[in-house]
> 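Input: one structure, supplied below.
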Amino acid sequence: MLVVKKEPHPNGKEIIYGFGCHLSAEIALERSIIELNQLLPILLDNKLDKVNCYLKDWLYQQQVSSHYYLVPHTANKINLFNNYSSDHPKTIASAADKIITTFAKAGIDLLVLDLTQPDIGMPVVKMIAPGLRHFWRRTGPGRLYTVPVEMKWLHNATTENELNPYNIVI
């Protein structure tokens, strides 16, 4: 049984995060901040009795100093305005084309299924890229180890034992 303190983290250093996705870096960042803010009511209103024990442990027991992978390497700092193009697709069709082209250049297969229902008329597409990792912990062989070396983020591939040992906490 996991015992968790009821009072906030003693240093006020809860680790919270948000995910945002879009072909525009600015919109992706905005979506990340919006999602990040969804955790704030839990922290500010002390509603942790309504969340699972793993999230309680993450918020009250863990600190950034114990999780080196949460701190960016100074050599890999990314500038939103210098590292990402502001010329992103304006339509869903052109966005899908860009994703398909980008994946093909990287040698990643992409399966595309049009799920649009004619009677509704709202475009719906499901894209699956076999070999990419889900955000839930999946540590089998493949791109998780090779891509950081290919992108020159690391000199050598990381071993499974060197990976973050924690599952994502949501």
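If you read the sequence from its start, that first residue is 1, and numbering goes on from there. On a predicted model such as this, the values are computed, not experimentally measured, just so you know. What you see below is based on every heavy atom in this structure, not just the backbone, and it leaves out hydrogens, waters and symmetry mates.
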> With clusters built from Ile, Leu, Val, Met, Phe, Trp and Tyr whose side-chain heavy atoms come within less than 4.5 Å, directly or transitively, what are the remaining members of the cluster of Leu115, listed by chain and number?
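When side chains under 4.5 Å apart are linked, the cluster holding Leu115 also contains Leu113, Val124.
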
> Return the set of residues passing side chain to side chain donor-acceptor pair (under 3.5 Å) with Thr158 (not counting sequence neighbours), or none when no residue passes.
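With sequence neighbours excluded, Thr158 shows a side chain to side chain donor-acceptor pair (under 3.5 Å) to no residue whatsoever.
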
> Suppose we screen for side chain to side chain donor-acceptor pair (under 3.5 Å). Which residues come up paired with Ser65, at least two apart in sequence or across chains?
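Not a single residue meets the side chain to side chain donor-acceptor pair (under 3.5 Å) criterion with Ser65.
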
> Show the atom names and distances, to 0.1 Å, of all donor-acceptor pairs under 3.5 Å that link a side chain in residues 97-110 to residues at least two apart or in another chain.
from   : atom 1 : to    : atom 2 : distance (Å)
Thr101 : OG1    : Asp97 : O      : 2.9
Thr102 : OG1    : Lys98 : O      : 2.8

> My understanding is that only residues two or more places apart in sequence, or in another chain, count here; which of them pass side chain to side chain contact (heavy atoms under 4.5 Å, CB included) with Thr91?
Ala93, Ser94

> How far apart are the closest heavy atoms of Val149 and His155, and which atoms are they?
CG1-O, 3.9 Å

> Please enumerate all residues that pass side chain to side chain contact (heavy atoms under 4.5 Å, CB included) together with Met151, with sequence neighbours excluded.
Val147, Trp153

> Suppose the criterion is side-chain hydrogen bond (donor to acceptor under 3.5 Å, both in side chains): which pairs have a residue in residues 116-130, not counting sequence neighbours?
Asp114-Thr116

> Residues in side chain to side chain contact (heavy atoms under 4.5 Å, CB included) with Ala96, at least two apart?
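If we apply the side chain to side chain contact (heavy atoms under 4.5 Å, CB included) test to Ala96, skipping adjacent residues, the hits are Met127.
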
> Work out which heavy atom in His88 is nearest to a heavy atom in Lys90; give both atom names and the distance.
O-NZ, 3.4 Å

> In Å and rounded to the nearest 0.5 Å, what is the CD1 to CG distance from Ile128 to Leu132?
11.0 Å

> Glu150: which residues meet the side chain to side chain donor-acceptor pair (under 3.5 Å) condition with it, sequence neighbours left out?
none

> Group every Ile, Leu, Val, Met, Phe, Trp and Tyr by side-chain heavy-atom contacts under 4.5 Å, then state whether Ile34 and Phe19 land in the same group.
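They do not share one cluster, since no chain of ILVMFWY contacts under 4.5 Å joins Ile34 to Phe19.
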
> Would you compute the distance between atom CD of Gln38 and atom CD1 of Ile33 and round it to the nearest 0.5 angstrom?
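Answer rounded to 0.5 Å: 13.0 Å.
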
> Could you list who else is in Tyr145's hydrophobic cluster, with ILVMFWY side chains joined at under 4.5 Å, directly or through other members?
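Members other than Tyr145 - counting any ILVMFWY side chain reachable under 4.5 Å - are Leu144, Leu163.
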
> Is a donor on one side and an acceptor on the other found under 3.5 Å between the side chain of Ser32 and the backbone of Ala28?
yes

> Does Glu162 use its side chain to pair, donor to acceptor, with the backbone of Thr159 at less than 3.5 Å?
yes

> List for me each residue that meets side chain to side chain donor-acceptor pair (under 3.5 Å) alongside Glu26, sequence neighbours excluded, and say none if there are none.
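Partners of Glu26 under the side chain to side chain donor-acceptor pair (under 3.5 Å) test: Ser24.
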
